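Reading through the C-alpha cells given below for one structure.
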Amino acid sequence: MPDLIPVAAGVLVPFCRAGVLEAADVHLARLVCRAGGESSPDVELAAALTVRELRLGSVQMDPATIREQVTQQILDPAVMASAGPAELAAATEFGELEWPDPDRWLAELDASPAVAGPMTPPNRRALRLDDGLLHPERYWQDEQQVAALTAALAEDPPAGLDGSAVEAAVRAVDLALAETGTVLDPAQIRASEQACRRRLSILAGGPGTGKTTTVCAILAVLRRALGDPGPVRLAAPSGKAAARLRDAVAEVSVGLPAAIRPPAVEATTVHSLLGSRGPGRGFSHGRHDPLAAGVVIVDEASMLSLPMAARLLEAIGPSTRLVLVGDPGQLVSVDAGSVLTDVVASAADLGPDRLPVTTLTSNHRSGGAIARLAEAVRRGDHEAALDVLEAEDPSVRFVGVDAATVALESLPGVAGQVRSVASRMVEAVDLSDDVTALGLVDEHRLLCAHRQGPYGVEAWSRQLDAALSDVLPGLGRGRWVLGEPVIVNRNMRQLEINNGDCGVVVSQDPVPTVVLPSGSGAARRLPCALVASLRPLQAMTVHKAQGSQFNRVTVVLPPPESPLLTRELIYTAITRARAGLMVVGSRESVVRAVAQPSLRRSGLGRIWNLRTQRGGQIGP
Ligand SMILES: Nc1ncnc2c1ncn2[C@@H]1O[C@H](COP(=O)(O)OP(=O)(O)OP(=O)(O)O)[C@@H](O)[C@H]1O
C-alpha cells in the first residue's frame, strides 16, 4: 500500500500499512479535524476509523471495541490461511500497532473541539460522540430521525378508525381471496389487519411467503374498511423492483371481486416518489410538503439505506399509512444502514405492539430444494445447506471447487444452456418477436460477488462471450451484436427506463436498436444510442441482481477470505433463482458464507430500548 502512505502522517501511517485504513479514510479524517481545530493524532485516528466503519456500512465506531473488531477482520484465520506476502507483511505491521487506551481515548474525544456531544445542537461539528460511540454527524441525525419517526408513526393510531369495520373488511377480503384459491394464512391476515389499524407496519418474509399477495390483501382491506383510503403509492428502492411490485400487485388484484379490487397503480423508485431534485440536491417532498397519499407501500425495504429511510419517513404526513415490505435476510443497502433488519430485530425484543412487524414464514411457492437451501442459509445452518447442495436434486447443483480453478465450459450444462438461450434469442430477433426475446433475457444469469479478478463479473463475462462466439459472433468487441443481452446502468425518468433494466439488441437497421421493458412492462424499441448507459450484459453482481429473479442462476462464490462473502450475499444469490440453481465454490466458501452474517453497527435498537426503559414508550 505504499501509495497511501504519503497522505497519512504520524499515528495513521502504520494503520495504513497494516491495511486498516485507506487513503480516503485518512483524507476525510484530516479535513474533519482541520475544520474542527483539532490536531490530536488520537482524535484523527478515531475520525479515520469512523470513516472506515461508514465505508463498510456502519454508522458508528466504538472506541472500546474497535481494536478487537478490526483484529478479527485483519487476522481472520480464513484470510491468513491463504495470505500472500503482502497480507503477511500487513499482519506483522498490524501486530505492532499502538492503539490508544479506550478510556483515555473517549475522554479526549469528549473534550475535542471537532466532536459534538449528545446535547450539542445539530450541524455544529462533523462528528458526534453519543453514549460512548462516535458517529458522522449526518448519519447520527438520520439515525435519531429514523428512530423517532418510526416510533412516532408506530404509536400513532390512524384517525377515525372503526375497529369492527376493519374486522369485517378482513373477513370479506379473506373470503374473496379464498374463492380465487388463496386461503390467507394467519400471519397474512394479521399483517392485513395491522396495516389497517396502524400508521406504520412492517411485512417481512422470504421469497414466496406471500408478501405481494398480502400487499393486495392490505389494499383491498383498506378499500373495504375505509371506502376511499386516499391515493395509493407503491415504491421500491430500485426501478426494477418497483416494476416487479407493480406487475405482481396487478396480477393478484385481477382475481379479486371488483368491489374490493385495488385500483391499478404505478410503482416508482423511492427517489422518484420523494421528488428527487438530482444527486445531492435533496427531495421536493419532506416534512414541509408530505406525500399526498393515503397509503405508501415500499417493497424490497432491505435495500433502503439509513439516509433514504430518514427522507421517506419525513415525507409521511399525518393522514398517511406506511407499509414497509421486505426480506431481512437479503443484502442490505450499498450505502450505510440496515433499517429493515434493525426494525425486525428490535421488534423481537419490543413486541409487535411497539414495532408492528409481521413475519410470514410459510413458503407458498414451492417446497423445493432452492427454498430448503435458502431456509438453511437464513438459519445459519451450514450443515443443512451442504446437505441440500450435495443431495443432487435436479433443481440444485453444487460444483464444490474453488471457482477460480474452473472454467465455464467445465460447469455441467451451463455453457450449453447459455448457448441454447442465445440461439432462441437469435430466432426471436429474426422473427421480430420482441416479447419472447425480452422474456429470454431473464432465463439464465451468472452472478458473482466480485467485479474484478478470477471470481468477478469481468472475467466470467469474458468466458460467457467466448462460449457464445458461434451463436453471437463479434460479442465483446465494442459493437452491438444482434441478440446481445444488455443492461441499463442509470435511471432515465423521461424515457421511463430504470437502472438495472435488461434488454436485447434486436435490430441494426438503420441504427442499433434495443428492446427494453416499458413503464407498463410491455416491450418497446429504442435506439441504443439514446440509452446512454446501455452496457453489454453477461455476468452480474449479486448486489445488482437484488430485486430481480431469473429462471436459472449460476452463482460464483468468492474465496473464503473474501470480505464480501456473507450470509446475506449467498442468501440473496440463491433466492434470485426460480427453477434451477448452480453454486460454484469450495465447501469452505459455503461454510464461511453461511456462518458469517453481515455485521452493520447501528444504534436504532439501542435508541428504542433506551426510550422504552425511560417511559414505557418508544416514541420521542
Ligand atoms: N395463502 C396463500 N395460499 C396459497 N397460495 C398463496 C398464498 N399466499 C401467496 N400464495 C401464492 O404463492 C406464490 C408466492 O406469493 P407472493 O408472490 O405473494 O410471495 P412473495 O413473498 O411476494 O414472493 P417474492 O418475494 O418471491 O416476490 C404466488 O403464486 C401466490 O399466488
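Read the numbers this way: they start at 1 and go in the same order the structure lists the ligands and their atoms. Every value quoted in this text rests on a predicted model; they were computed, and no experiment measured them. Only this structure's heavy atoms are used, side chains among them; waters, hydrogens and symmetry mates stay out. Note that the numbering runs from 1 along the sequence shown for the chain.
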Within the 3.5 Å criterion, strictly below it, is a donor on Gln596 or Arg592 matched to an acceptor on the partner's side chain?
yes
Please tabulate, one pair per line, all N/O donor-acceptor pairs under 3.5 Å involving side-chain atoms of residues 212-225, not counting sequence neighbours.
from: Thr214; atom 1: OG1; to: Gln188; atom 2: NE2; distance (Å): 3.4
from: Thr214; atom 1: OG1; to: Gly210; atom 2: O; distance (Å): 2.6
from: Arg223; atom 1: NH1; to: Arg261; atom 2: O; distance (Å): 2.4

Salt bridge present between Arg378 and Glu375 (N-O < 4.0 angstrom)
yes
Side-chain contact test, heavy atoms from C-beta onward, threshold under 4.5 Å: evaluate it for Asp335 versus Leu306 and give yes or no.
no
List the atom pairs, donor and acceptor, that lie under 3.5 Å between side-chain atoms in residues 411-418 and the rest of the protein, sequence neighbours left out.
none

Could you please provide the protein residues found below 4.0 Å of ligand 1 on a heavy-atom basis, arranged by chain and number?
Thr182, Val183, Leu184, Asp185, Gln188, Gly206, Pro207, Gly208, Thr209, Gly210, Lys211, Thr212, Thr213, Arg244, His364, Arg365
Listed partners of Ser319 passing side chain to side chain contact (heavy atoms under 4.5 Å, CB included), at least two apart
none
